[in-house]
Amino acid sequence: NAGVTQTPKFQVLKTGQSMTLQCAQDMNHEYMSWYRQDPGMGLRLIHYSVGAGITDQGEVPNGYNVSRSTTEDFPLRLLSAAPSQTSVYFCASGSTRGQGVDGYTFGSGTRLTVV
Amino acid sequence: GIQVEQSPPDLILQEGANSTLRCNFSDSVNNLQWFHQNPWGQLINLFYIPSGTKQNGRLSATTVATERYSLLYISSSQTTDSGVYFCAVHDFGNEKLTFGTGTRLTIIP
């Protein structure tokens, strides 16, 4: 049981380049999300999905796209990287049962630097 | 949205000491979690504890939902316990995990 797998762990991009951060979970969780963590700002929600085919914006969605074609995968795309997107990115998943998201599991993170 | 506050913000202890971290939240919740972010940045899920008490080795947690607080106990601290401890709740109003302010724990050998 691998949990939540994120790749890559580290990435350096030039301004204007695009890339996809991969996230996969093997726990059959319905809920998946992407956060970014910046010093002094805490973790902020970028996008989330409550099931395959359903995505929605979080607090800081600009510059990012997501899709959810399967329950297992939730990739995050940076369309045209900017230095302001330098951050640590975390993918998280959780089950949804009635009112409760039954615990989140986080991936190990991707440290992205945009130069 | 839900407000989540933690205390103390910083804690420095000798190896072997015990500690209690507190989490207060502003609204009734049924999905409180505790996480440990280690010095390498990984976010480790410690407890999912909407109410009651759970124990896992040297760590235990108690949530009193009716009084809107949760406590994390760490006994016989080890240097590997260092890092930042967060409590968090899922806010269904905006579908995000709202994190507390964190407690930075430093264990000195």
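Just so we're on the same page: letters track the sequence lines, and every chain starts at 1.
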Exercise. Any salt bridge (Lys or Arg N to Asp or Glu O under 4.0 Å) involving residues 37-54 of chain A? Give me the pairs, sequence neighbours left out, ordered by first then second residue.
Key: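 Every pair satisfying salt bridge (Lys or Arg N to Asp or Glu O under 4.0 Å) with a residue in residues 37-54 of chain A: Arg36(A)-Asp38(A), Asp38(A)-Arg44(A).
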Quiz item: At what distance, to the nearest 0.5 angstrom, does CZ of Phe90(A) lie from CD of Gln37(B)?
Solution: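 Rounded to the nearest 0.5 Å, the CZ-CD separation comes to 5.0 Å.
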Quiz item: Can you tell me if CD on Glu5(B) sees more than 12 non-hydrogen neighbours from other groups inside 6.0 Å?
Solution: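 Open.
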Quiz item: Just wondering, are more than 12 heavy atoms of other shown residues or ligands nearer than 6.0 Å to CZ in Arg68(B)?
Solution: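 Counting neighbours around CZ of Arg68(B), more than 12 heavy atoms of other residues, nucleotides or ligands fall under 6.0 Å, so yes.
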Quiz item: Where does Phe35(B) contact chain A at under 4.5 Å (heavy atoms): side chain, backbone, both or neither?
Solution: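 Looking at Phe35(B), just its side chain touches chain A.
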Exercise. Give me the contact list for residues 10-22 of chain B versus chain A, heavy atoms only, anything under 4.5 Å, ordered by residue number.
Key: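 Heavy-atom contacts from residues 10-22 of chain B to chain A are absent.
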Quiz item: chain A contacts: which residues in residues 96-109 of chain B have a non-hydrogen atom closer than 4.5 Å to it?
Solution: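 Lys96(B), Leu97(B), Phe99(B) fall under the 4.5 Å cut-off.
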Kindly work out whether a path of hydrophobic side-chain contacts (I/L/V/M/F/W/Y, heavy atoms less than 4.5 Å apart) joins [X] to [Y].
X: Phe106(A); Y: Phe47(B); result: no
X: Ile49(B); Y: Leu46(B); result: yes
X: Tyr69(B); Y: Phe86(B); result: no
X: Leu45(A); Y: Phe74(A); result: no
X: Leu71(B); Y: Val4(B); result: no

Practice problem: Output all residues satisfying ring-ring contact (aromatic ring centres under 6.0 Å, His included) with Phe25(B), sequence neighbours left out; order by chain, then residue number. | Solution: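 If we apply the ring-ring contact (aromatic ring centres under 6.0 Å, His included) test to Phe25(B), skipping adjacent residues, there are no hits.
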Quiz prompt | Shortest non-hydrogen contact from Gln42(B) toward Ser108(A) | solution =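 What the structure gives for the nearest pair is NE2-CB, 3.9 Å.
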Quiz item: Short question: side chain of Asn45(B), backbone of Tyr104(A) - any donor-acceptor pair under 3.5 Å?
Solution: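 Checked: pair present.
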